[in-house]
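Right, one structure below, let's go through it.
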Amino acid sequence: MTGITARPLTDRERETLRHIAAGRTYLQTARAMGVSRHTVDTYMRRIRAKLGHTSMAELTRIAISLGL
């Protein structure tokens, strides 16, 4: 989780992570945020790069630890 301090998530990335960690699909997340599914995919790629994790289990654990 060291990547969090080095490259903090933007507000939209945090919102995306919150939706995905809650079990929503990319399409459900996109609709809730008022963006395209492609935008959600882009946010998730950035989140994975910043946090250095690709597993959804690990991303969900991080979301919980961030209070999302």
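Here CD of E13 is found 6.5 Å from CZ of R46. Values are rounded to the nearest 0.5 Å. Between the CG atom in L9 and the NZ atom in K50 there is a gap of 5.5 Å [rounded to 0.5 Å]. Here CD1 of I64 is found 11.5 Å from CG of L59. Values are rounded to the nearest 0.5 Å. Rounding to the nearest 0.5 Å gives a distance of 8.5 Å between CZ of R12 and OG1 of T10.
Atom CZ of R31 sits in a sparse spot, with 12 or fewer heavy atoms from other residues, nucleotides or ligands closer than 6.0 Å.
Considering all non-hydrogen atoms of both residues, L66 and R14 come closest at O-NH2, 3.8 Å. Of all the heavy atoms in L17 and A63, the pair that sits closest is CG-CB, 3.9 Å.
Under 4.0 Å is where a charged nitrogen must lie from a carboxylate oxygen, and between D41 and R37 no such pair does.
Side-chain atoms of T39 and T42 form no donor-acceptor pair, as typed in the model, at a separation below 3.5 Å.
Following chains of ILVMFWY side-chain contacts shorter than 4.5 Å, one can reach V40 starting from M56, so the two form part of one hydrophobic cluster.
Side-chain contact between M44 and R48 is present, with heavy atoms from C-beta onward closer than 4.5 Å. With a 4.5 Å cut-off on side-chain heavy atoms, Q28 and H19 do not count as touching.
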